[in-house]
Amino acid sequence: MTRSALLSFFFGNPTISALLASVVAALGWGLHQRLAGASAERARQATKEAAARDIADQVDNDIGALSANTARKELKSWARD
């Protein structure tokens with residue numbers, strides 16, 4: 001059998017063509033799901049990082065609002081002697 005006859009057989013047969021199309025579709029769907037999962041994970045991490053940044057900013061603001069003497073007094077309680 002020649003190559004063209006073999007290709008003609010495979011692509012001319014509706015069952016084999018449908019099977020090949022379903023395999024390609026399954027691979028495409030799997031890739032799509034993988035990319036969607038990665039995107040969701042990045043969004044979840046970005047949300048957590050934003051929340052942590054808000055807390056850090058709030059702590060910085062609270063420390064900045066203290067007077068120098070009060071801040072020194074508070075820091076002494078945390079320092080080792």
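These figures come from a predicted structure and were not determined experimentally.
Between the side chains of Q45 and E49, no donor N or O sits under 3.5 Å from an acceptor N or O.
V24 and L31 sit in two unconnected hydrophobic clusters of ILVMFWY residues. Membership requires side-chain heavy atoms under 4.5 Å apart, directly or through other members. In terms of hydrophobic clustering, with Ile, Leu, Val, Met, Phe, Trp and Tyr side chains grouped at heavy-atom distances under 4.5 Å, L20 and L7 are assigned to a common cluster.
Partners of R42 under the salt bridge (charged side-chain N to carboxylate O under 4.0 Å, His left out) rule, at least two apart in sequence or in another chain, do not exist in this structure. Residues passing the side-chain hydrogen bond (donor to acceptor under 3.5 Å, both in side chains) test with R34, sequence neighbours excluded: none.
Atom CZ of R44 sits about 12.5 Å away from atom OG of S39, to the nearest 0.5 Å. Atoms NZ and CG, from K73 and N69 in turn, are 10.0 Å apart once rounded to the nearest 0.5 Å.
None of N61, D62, D60, D54 except one satisfies the side chain to side chain contact (heavy atoms under 4.5 Å, CB included) rule with Q58; the exception is D62.
In this structure the side chain of L19 reaches within 4.5 angstrom of the side chain of S22, judged on heavy atoms.
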